[in-house]
Amino acid sequence: MAERIVSVIYDKIAFIGLGLIAGSMAWATQRAGAATTISGYARSEATRETTRRLGFCDTVSDTAAEAVKEADLVVLAVPVGAMGPVMADIQDALKSGATVIDVGSVKQAVFDAVQPHLPNDVHFVGTHPMAGTEHSGPEAGFAELYDNRWTLIVTPDDADPDAVEKVEHYWAALGAMTDRMNVQHHDRVCAVVSHIPHLIAYTMVGVADDLRRVTDSEVIKFSAAGFRDFTRIAASDPTMWRDVFLTNKDATLEILGRFTEELFALQRAIRTGDGDHLFDYFTRTRAIRRGIIEAGQDTDAPDFGRGATR
């Protein structure tokens, strides 16, 4: 995608957490010219030093409170379980009129953790970019991550409409498409399209690891595309996904129950030799894959187009 130039949306943006998501946002912000100054903070000194070397932040602070001073937009890019402690740490340093957003894949737990520490003169808007890779850390980020990908905007009932609109404008500048959802609907949808697929991938790779009759070298040597995709998903950040499952428990268990029912039905069809059921089921699910490609959310290339990304 060609470089996009927009007017400055936020004079100063502060990123708390400097991994793949924040790093990609910062690179895309630079590409768009959407901020005058970008600051950042990460708990790890090594991450802060790496960020300084890479240069996607103008300044990297040694405390979160220092990073958010005078920031018009603060991005919480830390695991869901750390949202509350981070907000407690920065609440007194937030600029009056500033907007705080998060990029977590769970929203009810984030709202519950953040809002008790939110000053009355600071806005909060939940956001969830539906993009990522299996890589993590500041070196994993790249400006194109959000191009033509969805970012879900999840707002509290009392959200300031101007603040929400400005957040949507910012994500559009980063290349994303946006859509709004309420909290409960967001957590349920994401359990289907993201959380359960990750849980299945972790489980399948774990099963392969437990089958000692198949050696590690054979699993790696003879991996077909399906298992390779499982391992790619299962390589995702363990801290983030631990927090996702613990904080989106109800929706995850609901969808996992539905998945289990479908699995039992397929198991019965295989046991009883019901080829018609299997054929009809696979035909229906194949059509869903075609719909994703037609929506521009993936490619029919053999490697799903991922060879071109980091």
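Because only heavy atoms are used, hydrogens play no part in the values below, and waters and symmetry mates are left out as well, while side chains stay in.
Within the 4.5 Å cutoff, side-chain heavy atoms of Arg53 are placed close to those of Glu139. Proximity of Leu118 to Phe111: side-chain heavy atoms (C-beta onward) are nowhere separated by under 4.5 Å. Side-chain contact check for Met87 versus Leu94: some heavy-atom pair is nearer than 4.5 Å. Between Asp112 and Gln108 the shortest side-chain heavy-atom distance falls below 4.5 Å. Using a 4.5 Å cut-off on side-chain heavy atoms (C-beta onward), Val164 and Arg180 make contact. With a 4.5 Å cut-off on side-chain heavy atoms, Leu266 and His277 count as touching.
Taking CH2 of Trp27 as the start and CG of Leu54 as the end, the distance is 6.0 Å to the nearest 0.5 Å. Ile13 CD1 to Cys57 SG: the interatomic distance, rounded to the nearest 0.5 Å, is 10.0 Å. With rounding to the nearest 0.5 Å, the separation of CD in Glu144 from CZ in Arg31 is 6.0 Å. Rounding to the nearest 0.5 angstrom, the gap separating the OG1 atom in Thr127 from the NZ atom in Lys107 is 6.0 Å. Note that CG of Leu256 and CD of Glu261 are 10.5 Å apart. Values are rounded to the nearest 0.5 Å. Atom CG in Asp147 sits 9.0 Å away from atom CZ in Phe142 (nearest 0.5 Å).
Across all their heavy atoms, Pro138 and Thr50 have their closest contact at CG-CG2, 3.7 Å. Of all heavy-atom pairs between Asp102 and Gly126, the closest is OD1-CA, 3.2 Å. Scanning both residues, Ala163 and Asp160, for their nearest heavy atoms gives N-OD2, 2.9 Å. Ala67 and Tyr41 get closest at one heavy-atom pair: CB-CB, 3.9 Å. In terms of heavy-atom proximity, Thr178 sits nearest to Trp171 at CG2-CB, 3.8 Å. Across Leu20 and Tyr146, no two heavy atoms sit closer than the pair O-OH, 4.5 Å.
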CA sep, side-chain torsions, deciding dist, call: Tyr170, Met25, side chain to side chain contact (heavy atoms under 4.5 Å, CB included)
CA-CA 10 Å; Tyr170 172 63; Met25 290 177 71; 3.8 Å; yes
Evaluate the criterion side chain to side chain contact (heavy atoms under 4.5 Å, CB included) for residue pair Val100 and His117; output intermediate values, then yes/no.
CA-CA 11 Å; Val100 177; His117 306 290; over 6 Å; no
Would you sort out whether His128 and Val154 count as a side chain to side chain contact (heavy atoms under 4.5 Å, CB included), showing the intermediate values?
CA-CA 8 Å; His128 179 193; Val154 186; 5.6 Å; no
Using the side chain to side chain contact (heavy atoms under 4.5 Å, CB included) rule, take Leu76 and Ile90 through it: C-alpha gap first, then chi angles, then the decisive distance, then the call.
CA-CA 11 Å; Leu76 303 182; Ile90 67 174; 4.2 Å; yes
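Gln30 places no side-chain N or O within donor-acceptor distance of the main-chain N or O of Ile38, the cut-off being under 3.5 Å. Asp179 places no side-chain N or O within 3.5 Å of a backbone atom of Leu152 that could act as its donor or acceptor partner. A donor-acceptor pair is defined here as one N or O able to donate and one able to accept, closer than 3.5 Å; such a pair exists between the side chain of Lys12 and the backbone of Lys69.
For Glu49, the salt bridge (Lys or Arg N to Asp or Glu O under 4.0 Å) partners at least two apart in sequence or on another chain are Arg52.
The cationic group of Arg284 lies under 6.0 Å from the six-membered ring centre of Tyr281 and within 45° of the ring axis, placing it in a cation-pi geometry.
Taking 4.0 Å as the cut-off between side-chain N and carboxylate O, Asp72 and Lys166 do not count as a salt-bridged pair. Ion pairing between a basic and an acidic side chain is recognised when a charged N comes within 4.0 Å of a carboxylate O; Arg48 and Asp62 show such pairing.
Hydrophobic clustering keeps Leu278 apart from Leu263 (ILVMFWY residues linked when any side-chain heavy atoms are closer than 4.5 Å, directly or through intermediates).
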